[in-house]
Undergrad: 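A single structure is presented below for examination.
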Amino acid sequence: MSHPTHLLGFPRVGAKRELKTLLENHWKGELDEASLLQGAKELRQKHWLLQKGAGVELSPVGDFSLYDHVLDAQLLVGAAPPRFGFKAATLTTAQYFELARGNAAQPALEMTKWFDTNYHYLVPEWRADTAFAAQPERLLSQIREARALGVAAKPALLGPLSLLWLGKAKGEPFDKLSLLPGLVAAYRELLAALRAAGAEWAQIDEPILALDLEPEWLDAFAPAYAQLSPSAPKLLLATYFGDVSAHAALLKSLPVAGLHLDLVRAPEQITAFAADYPADKILSAGIIDGRNIWRADLSALLARLRPLAEKLGDRLWLAPSCSLLHSPFDAAAETALDPELKTWLAFAVQKLNELKTLKRGLEEGRAAVSDELAGSDFARAQRQTSPRIHNPAVAERLAALPANADRRASAYPVRAERQQAWLKLPPLPTTTIGSFPQTPTIRASRAAFKKGELSAADYRQAMEQEIELAIRRQEALGLDVLVHGEAERNDMVEYFGEQLAGFAFTAGGWVQSYGSRCVKPPIIFGDVGRPAPMTVDWARYAQSLTAKPVKGMLTGPVTILQWSFVRDDLPRSAVCRQIALALNDEVRDLEAAGIRVIQIDEPAIREGLPLKRADRDGYLAWAGEAFRLSSRGVDDATQIHTHMCYSEFGDILPAIAALDADVITIETSRSDMELLTDFGRFRYPNAIGPGVYDIHSPRVPSAGEIRALLDKALKVIPAERLWVNPDCGLKTRGWPEVDAALTAMVQVSLELREQLAQTA
């Protein structure tokens, strides 16, 4: 009895971020297009061979992308956004990157979070007249590549309904579902081409099934797949990120050859599928966690799988719960990590071995994998009993919190008056989100310091020089509230994880966030505390350089939680409250040091929202409490900012208002201030700074473009509560474009102030 193993996707950045290096060298003009494409080809082939060597029997093809798999899906069906003037059939590599990063004439495609992950996808743009035509060559060429290597290829595509749902309607209002017939026709042509090329299976992902879909979307699945299946390879319809048991009857009735279920996020859903599972379908059990790094309990998983194997026989396949895109590459490379902690971990490469063990255990019996099971059992027992996990003082502190500990002393109007009394800010005050360019000089100094080639004193001096440079440039630009620039920080979460108790960090545990942007999430393995101040000295030094207010910059508790690999032996809400109190120690120390404007960034608060509406109120309650706990006890005159970006907030505005930040800055430029409509309709009560230009694109906005966005903002936000700022931090940009963009931003703000004064 065989139980094939397969993957839904694999980390495409490479073990050493090879894809990032290729892309950024190409964008800088140091690598020509042919070399970029050859390097990418070699990287994906290396990954296929690694999978083959680890026993994976069907490797995904098409999951590798030069920027984003959702953008690739749009192009596979010929749907290049018309505003760029490009045709999908003749799209060049340069044009592909212009869609992702913008050009002189057009801003980049909007970017937002991929469900509840920290991956960002490029949002498709649909118009009532969008036409589709299959463009299968990219997939076909990769199938040929894999076959030449002796790799069994399974083309992986984003399904038509998910692709359509994830996009936005542009132009005159219309029903997106009206585009489905044309889109299905293109998919039918695409799948027929794959079948003609010899593909036996095709994976077609429909992750929107884990959401609360409207009835008309659910009703569209059966007719769509009835049209797709006859000319397609065998279809494996993949769901992930949540429970789809409510749709079990529908999914079992679809004319597909198999279903994939996420049995990590929703193990209980197997009951709804197993009882009367169709005899003509395989069932892919997503049994290995594709989104966290803890070693699997192989003994328990084998016991769970045994009844399924007995019932389904060869029709049971084994896989991770979702694409391994969300996992770091290889824990074996972490030579500096604490040896005990390292035994608790499984990155992507280790997950392949876990799959292989489960397969052998099912096919050959437990005795065949007794050593692997013993190792798994030992690591699990060691982790449960390790004294480094629990700190009684943390639990005692949480238990001792008084009622309403998370509430400010006074309401926002009172606080705003006290803050303005000392800040004396002009109308439409200008600021930035926190970071300034991480130049090669900064990165070289940090690398030398970490290698022991630069003393602590010399490193501090180098960072202070960069901080002074940032302060002087901001003063010259005329910004009103300054930042220290974060020269000393490697990443907005990793920086704090390195200094908090209960966290560990890796040397190479990179995960793709978007394009060439990678993050290295900390690992939360135990109770969280703050042994010592983390940012106070840097902020105090920056403030000593200027009479203007300098913001203290912290990453919020929900974002630290969301952008870390989180322990799975405590509720996430409890871990988040621990982080909040650790940050509160930092906030109070900043305030005591004279830093009276403090930004607590929460870009991930929307990302953490459960996919099912029924679960959202509970999450928003504890997430909001954690944010407020982080600033508990500060004086009314201390101004608390927060920042959120690249998510949709319209449906959770009451919860955002309940955070009670004095100022919120948000991303709005890629959506042309679309988000502000929701804030205006809701009558958001506190101050707000909508981003006036997209920092993730190298494109420098004109003063006219910034003015147009601010004119829109002034229609929905009163001038006395409107701030002016970029969309996000500026660490990924270069100083010339930063200077040009901020000069335009300040210029427009000054012009608008004069107009407001004249009409007062």
Side-chain angles (χ1 to χ4, degrees), residues 9-48 50 63-72 93-94 96-102 108-109 111 113-114 117-122 293 323-331 333-334 347-349 435 437-444 446-447 450 486 489-495 505-522 563 565 646 694-698 728-734 737:
F10 195 72
R12 51 201 183 219
V13 293
K16 298 180 179 179
R17 293 183 293 165
E18 293 94 331
L19 181 60
K20 175 185 176 69
T21 301
L22 289 168
L23 289 171
E24 294 183 354
N25 286 345
H26 176 66
W27 294 337
K28 288 186 292 187
E30 298 173 0
L31 189 72
D32 63 24
E33 179 181 328
S35 299
L36 166 68
L37 298 179
Q38 180 62 29
K41 178 179 179 179
E42 292 172 359
L43 185 59
R44 64 175 169 261
Q45 291 184 354
K46 180 179 179 181
H47 293 171
W48 289 331
L50 186 156
D63 61 317
F64 185 94
S65 174
L66 286 177
Y67 202 97
D68 171 50
H69 61 275
V70 180
L71 173 59
D72 294 352
T93 302
Y96 174 86
F97 289 131
E98 287 177 34
L99 295 175
R101 307 177 75 228
L109 289 170
M111 189 163 58
K113 296 296 178 68
W114 176 249
T117 75
N118 187 30
Y119 179 79
H120 304 64
Y121 75 93
L122 293 165
I293 43 73
S323 171
L324 295 178
L325 170 70
H326 312 288
S327 293
F329 203 90
D330 186 4
E334 299 299 328
F347 292 0
V349 170
S435 60
Q438 290 268 318
T439 64
T441 301
I442 291 174
R443 295 181 188 278
R446 184 183 303 122
K450 287 195 170 185
E486 303 180 16
R489 302 188 190 183
N490 44 12
D491 174 81
M492 65 181 292
V493 173
E494 183 182 10
Y495 175 79
F505 55 96
T506 64
W510 297 101
V511 177
Q512 186 179 25
S513 182
Y514 63 88
S516 68
R517 168 73 171 153
C518 299
V519 294
K520 189 148 55 72
W563 292 0
F565 292 116
Y646 298 103
D694 175 23
I695 65 86
H696 290 91
S697 169
C728 200
L730 300 166
K731 67 181 292 184
T732 61
R733 304 270 57 92
E737 59 196 275

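The residues of the chain are indexed from 1 along the displayed sequence.
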Undergrad: Just verifying a value: how many Å separate Arg517 CZ and Trp510 CH2, rounded to the nearest 0.5 Å?
TA: 8.0 Å

Undergrad: For Lys520, what residues pass the salt bridge (Lys or Arg N to Asp or Glu O under 4.0 Å) criterion, not counting sequence neighbours?
TA: Glu494

Undergrad: Does the side chain of Val511 come within less than 4.5 Å of Cys518's, by heavy atoms?
TA: no

Undergrad: Is the shortest side-chain heavy-atom distance between Thr506 and Pro328 below 4.5 Å?
TA: no

Undergrad: Answer whether the closest heavy-atom distance between the side chains of Phe505 and Asp491 falls below 4.5 Å.
TA: no

Undergrad: Nearest 0.5 Å, please: how far is CD in Gln512 from OG in Ser327?
TA: 13.0 Å

Undergrad: Flag the pair Tyr119 / His326 as yes when at least one side-chain heavy-atom distance between them is below 4.5 Å, and no otherwise.
TA: yes

Undergrad: Count the heavy atoms belonging to other residues, nucleotides or ligands that lie under 6.0 Å from NZ of Lys450, then report whether that count exceeds 12.
TA: yes

Undergrad: Show the nearest heavy-atom pair for residues Pro11 and Ala348, with the distance to one decimal.
TA: CG-CB, 3.8 Å

Undergrad: Determine the minimum heavy-atom distance between Leu71 and Ala100, stating which atoms define it.
TA: CD2-CB, 4.3 Å

Undergrad: Do Glu486 and Lys731 come within less than 4.5 Å of each other through their side chains, counting heavy atoms only?
TA: no

Undergrad: Between Leu50 and Val349, is any pair of side-chain heavy atoms under 4.5 Å apart?
TA: yes

Undergrad: Which residues pass the salt bridge (Lys or Arg N to Asp or Glu O under 4.0 Å) test with Glu334, not counting sequence neighbours?
TA: none

Undergrad: Measure the CG-NE2 distance between Leu19 and His47 for me, rounded to the nearest 0.5 Å.
TA: 9.0 Å

Undergrad: Are the side chains of Arg12 and Leu325 in contact, using a 4.5 Å heavy-atom criterion?
TA: yes

Undergrad: Are any side-chain N or O atoms of Arg443 and backbone N or O atoms of Gln438, one a donor and one an acceptor, separated by less than 3.5 Å?
TA: yes

Undergrad: Could you work out, with side-chain contact (heavy atoms from CB on, under 4.5 Å) as the rule, every residue matching Tyr495, not counting sequence neighbours?
TA: Glu488, Arg489, Asn490, Gln499, Thr535, Trp538

Undergrad: Please give me the minimum heavy-atom distance between Leu31 and His26, naming the atom from each residue.
TA: O-ND1, 2.8 Å

Undergrad: Kindly compute the distance separating OG (Ser516) from OH (Tyr67), expressed to the nearest 0.5 Å.
TA: 6.5 Å

Undergrad: Testing the basics here: between Gly734 and Pro437, what is the closest heavy-atom pair and its distance to 0.1 Å?
TA: C-CG, 3.9 Å

Undergrad: Please identify each residue that fulfils side chain to side chain donor-acceptor pair (under 3.5 Å) with Lys20, with sequence neighbours left out.
TA: Glu24

Undergrad: Taking distance alone, no hydrogens or angles, what donor-acceptor pairs closer than 3.5 Å link side-chain atoms of residues 34-43 to residues at least two apart or in another chain?
TA:
| unit_1 | atom_1 | unit_2 | atom_2 | d |
| --- | --- | --- | --- | --- |
| Ser35 | OG | Asp32 | OD1 | 2.7 |
| Gln38 | NE2 | Glu42 | OE2 | 3.0 |

Undergrad: Within this structure, what is the CZ-OH distance for the pair Arg101 and Tyr514, rounded to the nearest 0.5 Å?
TA: 9.5 Å

Undergrad: How long is the straight-line distance from CZ of Phe329 back to CZ of Phe347, given to the nearest 0.5 Å?
TA: 12.0 Å

Undergrad: Report yes or no: do Ser65 and Tyr96 form a side-chain donor-acceptor pair below 3.5 Å?
TA: yes

Undergrad: Is there side-chain contact between Leu23 and Phe97, with at least one heavy-atom pair below 4.5 Å?
TA: yes

Undergrad: Is a donor on one side and an acceptor on the other found under 3.5 Å between the side chain of Asn118 and the backbone of Trp563?
TA: no

Undergrad: Does Asp330 have any salt bridge (Lys or Arg N to Asp or Glu O under 4.0 Å) partners at least two apart in sequence or in another chain, and if so, which?
TA: none

Undergrad: Of all the heavy-atom pairs spanning Pro521 and Gly509, show the shortest one and how long it is.
TA: CD-O, 3.5 Å

